[in-house]
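First up is the structure itself, then whatever we jot down about it.
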Amino acid sequence: MKIVDVRPDLRMVLDDGPGQAYLLRRGSNAVLVDTGIAGQGKVITEALRGWGLDRESLTHVVLTHWHPDHAGSAAELAAWPNVRVWAHRSDAPIIRGDSYSSLPALTRAEEEFYAHIADTIPDAAPCRVDRELDDDEILEEIDARVLSTPGHTDGSIALHFPNEAVLFTGDIATEQGGQVVLGPFNLDRAQARDSFRRFADIDIDTVCFGHGQPLRGDDTALLRNAATANEIPDPLG
């Protein structure tokens with residue numbers, strides 16, 4: 001487990017599996033975007049304490065989608081005193097454990113990669129969802145905007161915090177070897193590409209991916225350039 005300072009108000013928490021989560025400090029409180037795999041409560045607590053905060057300071061957990069490397073610790077964190085769990089309405093029933101999703105439509109290049117990691121990620125325990133989100137919804141409590149990005153899952157979202165100039169892409173986009181590419185393992189590949197193009201004209205200083213290294217400053221142009229390219233980069237084919 002590792003805690004990485006992206007900037008003074010933003011920390012990336014990497015777990016023992018493929019997932020990562022992000023803490024955004026807002027005054028004496030914090031928002032968590034995604035939770036990593038199951039069992040990450042301890043490292044998230046440590047990340048808060050590094051800012052002089054505690055579990056009571058975490059007010060919101062916003063899930064970009066239901067996959068267990070993103071929602072794995074949601075049920076654990078939902079038991080903390082002030083946490084409210086938010087997710088898109090299309091993924092909320094899966095997060096609650098009331099329904100199941102279809103498997104991704106894998107390309108031939110993705111099949112081996114998927115087989116390698118699929119059994120390494122523990123299932124996420126069912127978790128309540130306190131608020132179901134919609135596209136372009138303004139979340140006044142945390143000063144963020146919801147961008148619906150279906151294709152990876154039906155209820156995938158990105159989050160834009162305009163005051164902090166931060167974008168969290170979820171798994172529609174990923175950083176890989178200094179490139180920004182379409183994320184793998186999508187339910188609907190064409191729809192995912194359409195969703196990726198929503199990142200073409202967002203004013204940001206920092207972009208944080210579900211997988212890969214965050215980008216700062218001028219490097220965020222890599223996302224805009226990929227979103228406006230004739231063919232969205234996709235090394236996995």
Side-chain angles (χ1 to χ4, degrees), residues 1-37 40-55 57-65 67 69-74 77 83 86 139 141-147 149 152 156-183 196 198-199 201-227:
M1 294 180 286
K2 188 177 181 182
I3 300 168
V4 177
D5 284 326
V6 179
R7 58 189 220 186
D9 62 346
L10 179 61
R11 289 186 153 170
M12 179 171 63
V13 180
L14 297 109
D15 55 37
D16 295 325
Q20 52 203 40
Y22 294 94
L23 277 169
L24 181 65
R25 180 173 57 182
R26 308 185 72 254
S28 60
N29 294 322
V31 175
L32 184 70
V33 179
D34 289 331
T35 72
I37 62 172
Q40 302 310 305
K42 181 178 178 181
V43 69
I44 291 169
T45 299
E46 291 173 1
L48 289 166
R49 286 176 177 165
W51 281 335
L53 304 179
D54 56 23
R55 292 183 175 191
S57 304
L58 185 64
T59 59
H60 296 84
V61 171
V62 187
L63 302 174
T64 63
H65 59 292
H67 285 167
D69 56 331
H70 291 257
S73 290
L77 301 177
V83 165
W86 293 354
L139 308 178
E141 297 93 328
I142 61 173
D143 297 319
R145 174 189 170 209
V146 177
L147 299 174
T149 55
H152 185 64
S156 286
I157 60 170
L159 288 169
H160 180 214
F161 289 77
N163 293 337
E164 290 85 0
V166 181
L167 175 69
F168 299 92
T169 69
D171 277 2
I172 283 292
T174 189
E175 185 276 337
Q176 189 176 84
Q179 285 186 293
V180 177
V181 301
L182 183 72
F196 191 107
R198 298 200 69 178
F199 302 143
D201 58 358
I202 300 176
D203 185 19
I204 50 175
D205 168 74
T206 305
V207 57
C208 298
F209 304 96
H211 302 277
Q213 295 301 310
L215 301 177
R216 295 286 316 277
D218 291 344
D219 288 341
T220 61
L222 293 171
L223 175 64
R224 289 190 293 274
N225 292 343

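Quick note: numbers below take in every heavy atom, side chains included, and nothing from hydrogens, waters or symmetry partners. Note that the coordinates shown come from a computational prediction; the quantities given were computed from them, not determined experimentally.
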Nearest 0.5 Å please: distance from the OG1 atom of Thr59 over to the CD1 atom of Ile142.
7.5 Å
Do Thr64 and Asp34 have a side chain donor and acceptor closer than 3.5 Å?
yes
For the CZ atom on Arg49, are there more than 12 heavy atoms of other groups (residues, nucleotides or ligands in this structure) within a distance under 6.0 Å?
no
Only one of Leu167, Leu10, Leu24 clears side-chain contact (heavy atoms from CB on, under 4.5 Å) with Cys208; which?
Leu10
Would you say that Glu46 contacts Leu48 through its side chain, given a criterion of any heavy-atom pair below 4.5 Å between the two side chains?
no
Please answer whether the main-chain N or O of Gln20 pairs with a side-chain N or O of Gln40 as donor and acceptor at a distance below 3.5 Å.
no
Salt bridge (charged side-chain N to carboxylate O under 4.0 Å, His left out) between Arg7 and Asp9, intermediate numbers included
CA-CA 6 Å; Arg7 58 189 220 186; Asp9 62 346; 2.7 Å; yes
Please tell me if the side chains of Ile204 and Leu223 come closer than 4.5 Å, counting only heavy atoms from C-beta onward.
yes
To the nearest 0.5 Å, how far apart are CG in Leu58 and CG in Leu53?
9.5 Å
So Arg198 and Phe196, do their side chains get closer than 4.5 Å, heavy atoms only?
no
Do Arg216 and Asp205 pass the salt bridge (charged side-chain N to carboxylate O under 4.0 Å, His left out) test, and can you show the C-alpha distance, the side-chain angles, and the key distance before you say yes or no?
CA-CA 6 Å; Arg216 295 286 316 277; Asp205 168 74; 3.2 Å; yes
List the steps, then state whether side chain to side chain contact (heavy atoms under 4.5 Å, CB included) holds for Ile3 with Val43.
CA-CA 8 Å; Ile3 300 168; Val43 69; 3.9 Å; yes
Count the heavy atoms belonging to other residues, nucleotides or ligands that lie under 6.0 Å from CG of Asp203, then report whether that count exceeds 12.
no
When rounded to the nearest 0.5 angstrom, what distance separates CZ in Arg11 from CG in Leu32?
13.0 Å
Hey, does Val146 have a side-chain heavy atom less than 4.5 Å from the side chain of Val62?
no
With sequence neighbours left out, the residues meeting side chain to side chain contact (heavy atoms under 4.5 Å, CB included) with Ala221 are Arg224, Asn225
Do Phe209 and Gln176 have side chains that approach each other closer than 4.5 Å (heavy atoms only, starting at C-beta)?
no
Please find the pair of heavy atoms, one from Ala144 and one from Pro162, that lie closest to each other, and give the distance.
CA-CD, 4.4 Å
Would you check, one step at a time, whether the test salt bridge (charged side-chain N to carboxylate O under 4.0 Å, His left out) holds for Arg26 with Asp143?
CA-CA 10 Å; Arg26 308 185 72 254; Asp143 297 319; 2.5 Å; yes
Between side-chain atoms of residues 168-175 and protein atoms elsewhere (two or more places apart, or another chain), which donor-acceptor pairs fall under 3.5 Å?
unit_1: Thr169; atom_1: OG1; unit_2: Ala173; atom_2: O; d: 3.4
unit_1: Asp171; atom_1: OD1; unit_2: His70; atom_2: NE2; d: 3.1
unit_1: Asp171; atom_1: OD1; unit_2: His211; atom_2: NE2; d: 3.4
unit_1: Asp171; atom_1: OD2; unit_2: His65; atom_2: NE2; d: 3.3
unit_1: Asp171; atom_1: OD2; unit_2: His70; atom_2: NE2; d: 3.0
unit_1: Asp171; atom_1: OD2; unit_2: His152; atom_2: NE2; d: 3.4
unit_1: Asp171; atom_1: OD2; unit_2: His211; atom_2: NE2; d: 3.3
unit_1: Thr174; atom_1: OG1; unit_2: His211; atom_2: O; d: 2.5
unit_1: Glu175; atom_1: OE1; unit_2: Gln213; atom_2: N; d: 2.8
unit_1: Glu175; atom_1: OE2; unit_2: Gly178; atom_2: N; d: 2.8

Working for side chain to side chain contact (heavy atoms under 4.5 Å, CB included), residues Trp86 and Val61
CA-CA 6 Å; Trp86 293 354; Val61 171; over 6 Å; no
With a 4.5 Å heavy-atom cut-off, do Thr149 and Phe199 have their side chains touching?
yes
Is there side-chain contact between Leu215 and Leu222, with at least one heavy-atom pair below 4.5 Å?
yes
Do you know which two heavy atoms are closest between Gly36 and Ala21, and how far apart they sit?
N-CB, 4.1 Å
What's the verdict on side chain to side chain contact (heavy atoms under 4.5 Å, CB included) for Leu159 and Val33, showing C-alpha distance, side-chain angles and the deciding distance?
CA-CA 9 Å; Leu159 288 169; Val33 179; 4.0 Å; yes
Just wondering, do Tyr22 and Val31 contact through their side chains at under 4.5 Å, heavy atoms?
no
For the student: nearest non-hydrogen atoms of Leu77 and Gly41, plus distance
CD2-CA, 4.1 Å
Ignoring hydrogens, what is the shortest heavy-atom contact between Leu23 and Ala30? Give both atom names and the distance.
CD2-CB, 4.3 Å
